[in-house]
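A short write-up of the structure that comes next.
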Protein chains: 2
Amino acid sequence: MAVCSALQDDEVSELERAMSFVRLGPNDALVEEGEPRRRVYTLTSGMLRLSLALPDGRRQITGFLLPGDYLGLADDETYAQTAEAVMPSGLCSFSVRDMDRLVERFPRLRDRLHLMTRAALRQARETQMILGRLTPSEKVASFLLSMSARAVAHGRPASPVLLPMTRTDIADYLGLTIETVSRTFTKLKTQGLIRLPDPHSVEILDRDRLATVAGITIN
Amino acid sequence: MAVCSALQDDEVSELERAMSFVRLGPNDALVEEGEPRRRVYTLTSGMLRLSLALPDGRRQITGFLLPGDYLGLADDETYAQTAEAVMPSGLCSFSVRDMDRLVERFPRLRDRLHLMTRAALRQARETQMILGRLTPSEKVASFLLSMSARAVAHGRPASPVLLPMTRTDIADYLGLTIETVSRTFTKLKTQGLIRLPDPHSVEILDRDRLATVAGITIN
DNA sequence: CGACACGTTGATTACGTTCAAAGAGTGTGG
DNA sequence: CCACACTCTTTGAACGTAATCAACGTGTCG
């Protein structure tokens, strides 16, 4: 659990006493936008999507959480966004009260959380650039490279990138329609940059050219 | 200075001893993307724009700073974004070393900074929704309402909203072209929702209908 | 006055969306 | 076991909107 990586063994065991486990199936909602923030979580396995919704149903996915990521970094009294499982997922859960107490006692834990919040903010701003200024091809290419880099950071191979989320999720993340996402995958495939053994795995055939398409927005 | 609002008088005076002042004229750059982060700043007057740039010149403005806002919340060893003055601006400046020491000694200061970082993250995610899912009219309307709300938070009137930034800045913030921004202002004017005494001040004539156009994305 | 930056407006184009349909994969029930 | 329903993805055709290209207007400063 990445949030613990800054702690000593005795501190970790203290943390473990306060925590409980949660299992989620695909599309299960963990928390809903606007709900009071009673518990915080760290993802141990699977993948979560974070999203904001408009009254008319439009949706923006603000990010995908991978194992080690923390849920509730930005939120205050209530959750500002919905969190749902993309695939079967496991989480460690703490009451906000317990976590506040632990943070008080273990400065390293607090520093770690602050660090993660700052990284999330940098990431969110990078995403603003992607949403506001990149073309569909650039968006999809940078998304693939980003997911590949995150896989590597988790000790997984860089190349068959696994995308457990649907095309709708990708579209709602990149500010596109599912048709445009699908067509863009097809285009990258036609150009020989990727292979699509199936819709949820992407083999990167030419990383350099893909990075060029992405406009060197490697994150 | 908002960053001090959580401190006691003697703590504030301690802070003041470590700080120096900076003045910027319009379009002066305070820090550049990629530059090492040696100092941090709080804005005392004026307005700053934060931006990311692509090699080909495309630009995304990630936010506008108003007095009380802190520069360097997200940044680590280097600044992740460029900060430039939109209008004549004044700032308080601290060396990172001094600030780290002060944060160590005054927990309230640290908590305050963490709180501001979390608020910035929520804001950035709200902006992701604006960039990814709103139409040009909705973008401009929500931008006007947001700037109006921030003016009110600074004790200024809600209605003639002052927009010291150029149309190019607004376009680069909302992910549009200057022509579209200009046309959208004209359209809102024609619909009787706003008045445009001059390009840099917007009088809100019908706040409710403007909020409807914004898609109830009031932040 | 002339040069320049900024904003607005108009005409045209092009790209992504929308609408529509078909294909692929999966699970359920007859 | 297969038919059927359902979801997800892909592909095609038509449309519409924002981008692009271009010109003009306005204000400011040297």
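Below, read A as the first sequence line, B as the second, and so on, with proteins coming before strands; counting in each chain starts at 1.
For the atom pair A/Leu174 CG and A/Glu138 CD, the distance stands at 12.0 Å (nearest 0.5 Å).
Judged by atom type and distance alone, A/Arg183 reaches the base of C/dT18 through a side-chain donor-acceptor pair under 3.5 Å.
Taking for each of A/Thr166 and A/Arg133 the nucleotide of DNA chain D with the nearest heavy atom, the 5'-most of the two is the partner of A/Thr166.
For C/dG7, one of the phosphate oxygens OP1 or OP2 lies less than 4.0 angstrom from a side-chain nitrogen or oxygen of B/His200. Between A/Thr177 and C/dG16, a side-chain N or O to OP1/OP2 separation shorter than 4.0 Å is absent.
Look at CD1 on B/Ile178: it is 10 Å from P on C/dC6, rounded to the nearest Å. Atom CG of B/Asp172 is separated from atom P of C/dG7 by 12 Å (rounded to the nearest Å). Between the P atom of C/dG7 and the CD1 atom of B/Ile170 lies a distance of 8 Å, rounded to the nearest Å. Atom CZ of A/Arg58 is separated from atom C1' of C/dT18 by 15 Å (rounded to the nearest Å). Atom pair B/Met165:CE and C/dC6:P shows a separation of 14 Å (rounding to whole Å applied). Summarising the geometry, the separation between CG on A/Leu176 and P on C/dT18 is reported as 11 Å, rounded to the nearest angstrom. Between the NZ atom of B/Lys189 and the C1' atom of C/dT9 there is a distance of 11 Å, rounded to whole Å.
B/Ser146 places none of its side-chain heavy atoms less than 4.5 Å from the side chain of B/Glu126. Taking the side chain as every heavy atom from C-beta outward, A/Gln191 and A/Leu188 approach each other to under 4.5 Å.
Using bins of under 30°, 30° to 60° and over 60° for the plane-to-plane angle, the ring pair B/Phe143/B/Tyr173 lands in the tilted bin.
You can see that DNA chain D meets the heavy atoms of chain A within a 4.0 Å-exclusive cut from D/dT9 to D/dA13, reading 5' to 3'.
Taking the side chain of A/Glu179 as heavy atoms from C-beta on, and the options C/dG16, C/dC19, C/dT8, the nearest nucleotide is C/dC19.
Checked for salt-bridge contact, A/Asp169 and A/Arg49 meet the test: a charged N lies under 4.0 Å from a carboxylate O.
Listed by first and then second residue, the salt bridge (Lys or Arg N to Asp or Glu O under 4.0 Å) pairs involving residues 192-204 of chain A are A/Arg195-A/Glu203 (not counting sequence neighbours).
A cation-pi arrangement, defined by a distance under 6.0 Å to the six-membered ring centre and an angle within 45 degrees of its axis, is absent between B/Arg112 and B/Tyr70.
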